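Reviewing the structure listed below.
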Amino acid sequence: MSAIEAENIFSDAILRLDRAFEYAQMDPEVLERLKYPRTSIQVSIPVRMDDGTLRVFEGYRVRYDDSRGPGKGGIRFHPQVSLPEVKALAFWMTCKCAVVGIPFGGAKGGITVNPKELSRLELERLSRGFVQQIADFIGPETDVPAPDVYTNAMIMGWMMDEYSKLRRQRMPAVITGKPIPLGGSLGRDDATGRGAYYCIKELESRRDWQPREMRVAVQGFGNAGQHVARLLHADGYKIVAVSDSQGAIYHPDGFDVPSLAYMKNESRRLEAVYCDGSVCESVNAERLSNGELLELDVDLLIPAAMENQITAENAHRIKAPVVVEVANGPTTSEADEILNGKGTLIVPDILANAGGVTVSYFEWVQNKAGYYWPLEEVHAKLHTIMVREFDNVYELMNEQQIDMRTAAYALALRRIGEAISAGGTGRYFSGNDA
Ligand code: NAD
């Protein structure tokens, strides 16, 4: 993604705020404040490579807003990471934490790097080097990172260890998404997919869906996409199409998701479904492009890959009446208008994929308490929050006759607004709020 595209994602995100403002019943000062990140830091990270040479990487951390609690958001390792992109992602995190009502603000970080080109030791040096640079900027009470694209539990473990060494005390609550033996929470691995699944189950009961009649297409068969597909499949939903960066496969009768996930995770490519060999040959499917998957005649479309997949160019051709956004920012604001005009229901990213950050919050709570919960407790607490907030957003949507995204942003804005206004706004200080 170019810097201009990344900047556009940010301005697109801010557009949604403007739209939600009239339903948020908040002081205009709050809106103005939320158009700018609170703090951004750019660092350089010198890394000694395995061949003895030195490479310097650029990294960023943005704390967008901390009115409701410490910053919270992942760290992305990707060649296209840029400050505008990190800013947009940090903004989304602010709204997401507010929508699910967890006591965090929003933040995000990233390093411009292709991690696939680094050895494991180089990756560890880079991860630890990044923490050394941002150590004064993060902390359990200031800003709590987590994994994002191309970072994982082991990297979170290295980062926690480095931070703890710098502070000369063990501080697991500085970061979430850690391996379980280092203070990670049970249930974090499938939390994003599970949160989306709970949202879909709420729609199921409101719309009287019969799972066996529901045809579902999932774009992006990675962590989030696989888990939501697995849970829906177990309930009888027909997962008729899935894809990865190499392309999509389609079968009108639906796939056996566990074996598809097994193949994908073993081979790292869905395309391997077509490879030579017994397991591959047993899958009978039509091959499609990622674009074609989005336009399939299905009952439920789940974008779970990347930003900007549904745009003004293809929105007219989207046939699914319901879109559940598991990826961050898969629909542009222009596409939103087209889909809303057609009556498509979009369960927005800041609600649909908030299960991940919710269980990250549980991990932080458990770390601070030094007391760890069984899996059932994590699932039950996640279920309570997702159902409650889905209901709040759905009610606001119906009450105000607005789309679900605007309702989610309005709810987020109300909550952020309440926190900011509690410290006093212009109306209070000029004595006009009597
Ligand atoms: P992942 O890396 O595990 O999976 C991404 C999948 O998308 C991979 O299978 C990849 O091959 C595929 N992909 C990449 N480009 C594609 C394209 N153009 N078309 C189709 N497929 C493509 O990542 P993930 O953690 O599952 O995250 C997926 C999305 O969900 C991202 O937008 C991420 O920000 C969002 N998200 C994830 C979490 C989480 O906890 N994992 C939480 C919130 C949001």
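One-based numbering, in listed order, for ligands and for the atoms of each. Since we're looking at a predicted model, the values are computed, not measured.
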Distance to 0.1 Å, residue and atom name: give those for the protein heavy atom nearest to [atom].
atom: atom 42 (C) of ligand 1; result: Thr192 OG1, 3.2 Å
atom: atom 29 (C) of ligand 1; result: Ala305 O, 3.3 Å
atom: atom 17 (C) of ligand 1; result: Asn290 ND2, 4.0 Å
atom: atom 10 (C) of ligand 1; result: Ser245 N, 4.0 Å
atom: atom 35 (C) of ligand 1; result: Val326 O, 3.7 Å
atom: atom 18 (N) of ligand 1; result: Gln309 OE1, 4.2 Å
atom: atom 4 (O) of ligand 1; result: Gly222 CA, 3.2 Å
atom: atom 15 (N) of ligand 1; result: Met306 CG, 3.5 Å

- [ ] For atom 27 (O) of ligand 1, decide whether some protein heavy-atom distance is shorter than 4.0 Å.
- [x]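 Answer no: nothing from the protein, no heavy atom, is under 4.0 Å.
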Open item on the list: Below 3.5 Å, N or O to N or O, backbone or side chain included: is there any such pair between Asn223 and ligand 1?
Closed with: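 N/O-N/O distance below 3.5 Å exists for this pair.
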- [ ] Compute both the distance and the angle, then confirm whether Lys264 meets the cation-pi test with Phe221: under 6.0 Å from the six-membered ring centre, within 45 degrees of the axis.
- [x]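 Pair Lys264/Phe221 does not count as cation-pi.
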Task: Arg19 NZ/CZ over Tyr409 ring centroid, <6.0 Å and within 45° of normal - done: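 Not flagged: Arg19 not positioned over aromatic ring of Tyr409.
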Open item on the list: Given Glu363, which partner from the list Lys178, Arg188, Lys72 fulfils the salt bridge (Lys or Arg N to Asp or Glu O under 4.0 Å) test?
Closed with: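 When salt bridge (Lys or Arg N to Asp or Glu O under 4.0 Å) is applied between Glu363 and each of Lys178, Arg188, Lys72, only Lys178 qualifies.
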Flag for [Y]-[X]: side-chain donor and acceptor within less than 3.5 Å:
X: Gln219; Y: Gln309; answer: yes
X: Lys116; Y: Tyr150; answer: yes
X: Glu389; Y: Asn392; answer: yes

Open item on the list: Between ligand 1 and Lys264, can you find any atom pair, the residue atom being a heavy atom, that is separated by under 4.0 Å?
Closed with: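 Lys264 counts as a contact of ligand 1 under the 4.0 Å cut-off.
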Open item on the list: Below 4.0 Å from ligand 1: does a non-hydrogen atom of Arg188 turn up there or not?
Closed with: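 Yes; Arg188 lies near enough to ligand 1 that a heavy-atom distance drops under 4.0 Å.
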Under 4.0 Å from a heavy atom of [X]: which atoms of ligand 1 are those, numbered in the order shown and with their elements?
X: Ala224; result: 26 (O)
X: Ser243; result: 20 (C)
X: Gly220; result: 7 (O), 21 (N)
X: Phe221; result: 9 (O)

Sidechain N-carboxylate O distance under 4.0 Å for [X], [Y]:
X: Arg128; Y: Asp161; value: yes
X: Arg55; Y: Glu122; value: no
X: Arg120; Y: Asp50; value: no
X: Glu418; Y: Arg414; value: no

Task: Candidate list Arg61, Arg38, Lys108, test side chain to side chain donor-acceptor pair (under 3.5 Å), partner Asp143, passing option - done: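 Result: among Arg61, Arg38, Lys108, Arg61 is the only option passing the side chain to side chain donor-acceptor pair (under 3.5 Å) with Asp143.
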Ligand 1-proximal atoms of [X], by part, heavy-atom distance under 4.0 Å:
X: Glu307; answer: neither
X: Asn328; answer: both
X: Ala304; answer: backbone

TODO: Name the orientation class of the two ring planes belonging to Phe390 and Tyr394 (parallel below 30°, tilted from 30 to 60°, perpendicular beyond 60°).
DONE: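 Taking Tyr394 first and then Phe390, their aromatic rings lie parallel (interplane angle under 30°).
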